[in-house]
Amino acid sequence: MNQQSNSFLDGLNNEQSNAVNHFEGPLLVVAGAGSGKTRALTHRIAHLITEYKVDPSEILAVTFTNKAAREMKERLELLLAKRIAKYQLDQPWSSVSLVEQNQFRTRIYREVTKDLWIGTFHALFSKLLRFDIEKFVDKEGLKWTKYFSIYDETDAQSLIKEIIIQDMNLDPKRFEPKKVRWAISNAKNQGILPDQFTQSAEGQRGKLIAQVYSLYRKALAANNALDFDDLLLLPVQLLKQNEQVRSYWHNRFKHLLVDEYQDTNWTQYELIKLLVTNGINPSFFSSWSKRSVFVVGDADQSIYSFRAADFRILMGFQEDFKNKNSLQGLSNVVKLEENYRSTSTILDAANSLISNNKERLDKVLKATRGEGELIKLTRCDDEISEAEAVVHRLRLLEAHNKDLKWGDIAILYRTNAQSRVIEESLVRWNIPYIVVGGLRFYDRREVKDILAYLRLLINPSDSVSLLRILNVPKRGIGKTTVQRFSDASSQLGIPLWEVVSDPEAIRSLGGRSAKGLLKFKELIDDLRLSLNNTEPSQLIQLVMEKSGYISELIATATDEAEERRRNLQELVNASLQYQEENEAADLEGFLATAALASDADKKDTAHDRITLMTLHSSKGLEFPIVCLVGLEQGLFPSYRSLDDPASLEEERRLCYVGLTRAKERLFLFHATERRIWGGMREPAVSSIFLSEIPSELIEGDIQLAGGAALRRERRMDRLTRVDRREDQLNSSGISKNLPTNAVRRKYSGPAPGVSWEVGNKVLHSAFGEGEVTHIFGSGEKISIAIKFVGMGPKILDPRLAPIQPIKDN
DNA sequence: CCGAATTTAATTTTT
DNA sequence: TTAAATTCGG
């Protein structure tokens, strides 16, 4: 291959090269885990621009997260900057000065990446809606303006709850807002509108939900707001309805690239079709000249069906988009099956596991690397022991490998709630970590409050935001007053803001709350004066100060208030960063970014921290070392999937995703008892997935390297425990497939219920080895005195102190 | 009529 | 353990 002219094909294997080199027509890239698909995507974009002279503004690339979008832009920038450096200076990138490197990158940003549309479906189509939403009118006459608010799941649910109770007089216990919201969301993600939903609704309950749907949509329009699903559904409606708009975007975006295609839903699929074929049935579409649709995915990694994703869309791609122009024998599918990431041991385990799924295209990941180490399985007594076992493992790894960075390690779990126990252990042992996911930064109460002010400023129809902040900080406006006004608002059919800000209405109230309302109205009017000539970051500060929010936090003077204040400072920083990254930074844009940001998006340049996250958030990432915890029936796989084969297969895919994140080492953990919430201990049976990994690939946690200090075993009541577990396993019917050499060990962290005796040897994370000399009190009020080697005795609370018992031998 | 205090219910995964 | 719902005091 000619190195000079085709640098973006360099170093690629045949299949990758075929993918990157693809120009016109549809192409499906079936990309197994770790097969270099991100590379194929970025290289293809670079290739399209440099070799096929495609204008960057004609490219639309869909990623699964904002983070992936940002990374793709960065990689692309680097790729292209290196290329022009080579042309202009004929120097390898590493010998180009930093100043010049930055000049090249800036130039690439101006000429290329700025014009590229790269982002999630939601981000891209909310951007499209900012342009064209005012050209859309719903069949029922519903309209929106470009200042629309984006409602998150909480906002959406509270609106639905309002409708269920106020408008429909239904019992929210029987019609749980959450479930109703879910049903509506599902409909929206399949492109079903209220009228069609009503027609196909079954039973009284179905009919009522259909009615909620219809009212909900009207309410959204009245608030000039869209939920996440609308960000996709409205563009579909708009593009179907308005030929001019459709043609414009069809002609603009000549090349579509979609990553993680297995996790698209029918609405997203519809969007792709509309843009690619301009509304023509794809089977009859033939104008592929200088146009392409390029999708990348792996059906085995489809893990978002709860969000209405359907991997049959991926499976149907070749049928949907037949390339009539392609030469005979030229297939429109490329398969990337060579895995460059993991050891063959890890791949064998993953392949074996996933082969238990019925519904899949046959595909096997081929290893390109060595065998590596065996997978280690550790069985623990409960979730606290499990956390301690994980930490113990990490400390061993650290002790044995000087080059190890904490950033090389990920701890993965099924549910966010599992992180807490692990965090506690990590804190005890002073290991730095970062939790990805869970509550988003933008979901914090104080942040949402300030954002609600901003939303109300630009979108006066937004009653949900208004209700949120009307009495925050406290202005003496109580429940009854609010109720009165929102009744008036819905009866008169005018936005709540107009009622609340009407001096007549306020005066009619008299006395107490009138004062607060008037103050509020003046505040909003005042802030609106700054709206058009103030940048987002300054506006945020204005809101925080003038609303009295900050002074209230200062007055409160608790640690919690201090934390909130820091978060708000962080919000200002986020807006400053947004302004830096976007030339035309406006408040609408910032609010959209905030609404669509996920916690997984935040930059984690932390090479010195262990990453904790759910299996879902780990999609697309890789780590040299992966610990997967909580492998128990009912937890992983989730109890909701146990009696549904299709869901169980999805859980298995999730497990497959987890295993294939690991490059070098994989550690699996499960407990035999687990507290669900608070205190109830429940027996746990090991996950069926463990029995689906060949036992010769797994070894039990026998070896206890790391010296006598870490060699410990609590013999007490161990035998009885083992017996009990054995019975459990036998009755569960899966024990025979379990790898039998998993050694049962107890990792006694400072768990309640650990019995301490004088003479016990312990290891403390800071003080080292010691021996228990006294025990004071018992039960909840226990404390123990420990004499540490080389220092005096310390009195500690064994339930809090970072100590572990050591077996004395 | 407002705001604080107490009780009660709830945990899958996320744009 | 936490967040929301309900009750109670001013």
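A note on names: the letters A, B, ... follow the listed sequences, proteins ahead of strands, and every chain is numbered from 1. What you see is a predicted model; the values in this text were computed from it and never measured.
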Rounded to whole Å, the CG-P distance (A:N189 to B:dT14) equals 16 Å

With the side chain defined as heavy atoms from C-beta on, A:K474 is closest, among B:dT15, B:dA4, B:dT14, to B:dA4

Taken in chain and number order and not counting sequence neighbours, the residues that satisfy ring pair (Phe, Tyr, Trp, His ring centres under 6.0 Å) with A:Y656 are none

Of the listed C:dA5, C:dT1, B:dT15, the closest approach to the A:F228 side chain comes from B:dT15

According to a strict under-4.0 Å criterion, is A:K515 in side-chain N/O contact with OP1 or OP2 of B:dC2?
-> no

Between CZ of A:R484 and C1' of B:dC2 the distance, given in whole Å, is 13 Å

Rounded to whole Å, the CD-P distance (A:Q268 to B:dT15) equals 13 Å

Look at the rings of A:Y269 and A:W266 and say which category their plane angle falls in: under 30° parallel, 30 to 60° tilted, over 60° perpendicular. perpendicular

Within residues 164-179 of chain A, those residues having any heavy atom closer than 4.0 Å to DNA chain B are A:K178

* **Rounded distance in Å between the C1' positions of B:dT13 and C:dA4** => 23 Å

| request: Taking A:E386 for its side chain and A:V629 for its backbone only, find out whether a donor-acceptor pair lies under 3.5 Å. | output: no

Testing B:dC1, B:dT14, C:dA5 for proximity to the side chain of A:T481, the answer is B:dC1

At under 4.0 Å, does any side-chain N or O of A:S617 touch on OP1 or OP2 of B:dT14? yes

Worksheet item: Under 4.0 angstrom, heavy atoms only, what part of the nucleic acid is A:R440 near: base, sugar-phosphate, or nothing?
Response: nothing

**Asked** Between B:dT15 and A:T65, is there an OP1 or OP2 to side-chain N/O distance shorter than 4.0 Å?
**Response** no

B:dT14 OP1/OP2 closer than 4.0 Å to side-chain N/O of A:T614: yes

Whole-Å distance, A:N471 CG to B:dC2 P, equals 9 Å

Ring pair (Phe, Tyr, Trp, His ring centres under 6.0 Å) filter on A:Y213, not counting sequence neighbours, yields A:F197

Between A:Y639 and A:R307, the residue closer to the 5' end of DNA chain B by nearest nucleotide is A:Y639

Q) Is a side-chain donor or acceptor of A:E446 paired with a backbone partner of A:N567 at a separation under 3.5 angstrom? A) no

Discussion item. Taking the six-membered ring of A:F148 as reference, does the cationic atom of A:R130 (NZ for Lys, CZ for Arg) lie under 6.0 Å from its centre and within 45° of its axis?
Written reply: yes

Among the nucleotides B:dT15, B:dT13, C:dA5, whichever has the atom closest to the side chain of A:N416 is B:dT13

### Message
Please verify the inter-ring angle class for A:F64 with A:Y304; under 30° counts as parallel, over 60° as perpendicular, anything in between as tilted.
### Response
tilted

From CD of A:E260 across to P of B:dT13 the rounded distance in Å is 19 Å

Here the distance between atom P of B:dT15 and atom CD1 of A:I303, to the nearest Å, is 11 Å

Tell me if the OH atom of A:Y147 is crowded by more than 12 foreign heavy atoms within 6.0 Å. no

Is_stacked (A:Y304, B:dT14) at 5.5 Å, 30 deg: no

Residues passing the side-chain contact (heavy atoms from CB on, under 4.5 Å) test with A:S489, sequence neighbours excluded, are A:L496, A:V499

For DNA chain B, the dot-bracket notation using Watson-Crick and G-U wobble pairs below 3.5 Å, [ ] for pseudoknot-type crossings and | for other-strand pairs, is ||||||||||.....

| task | Select base, sugar-phosphate, or nothing to describe what A:E650 touches, counting heavy atoms under 4.0 Å on all strands. | result | nothing

By side chain to side chain donor-acceptor pair (under 3.5 Å), A:W117 pairs with (sequence neighbours left out) none

A:R420 atom CZ is separated from C:dA3 atom C1', nearest whole Å, by 14 Å

* To do: Look at the side-chain N and O atoms of A:T480 and state whether any lies under 4.0 Å from the OP1 or OP2 oxygen of B:dC2.
  => yes

Check: Hey, is CZ on A:R566 packed in by over 12 heavy atoms from elsewhere, all under 6.0 Å?
Finding: yes

A:L635 atom CG is separated from B:dT13 atom P, nearest whole Å, by 10 Å

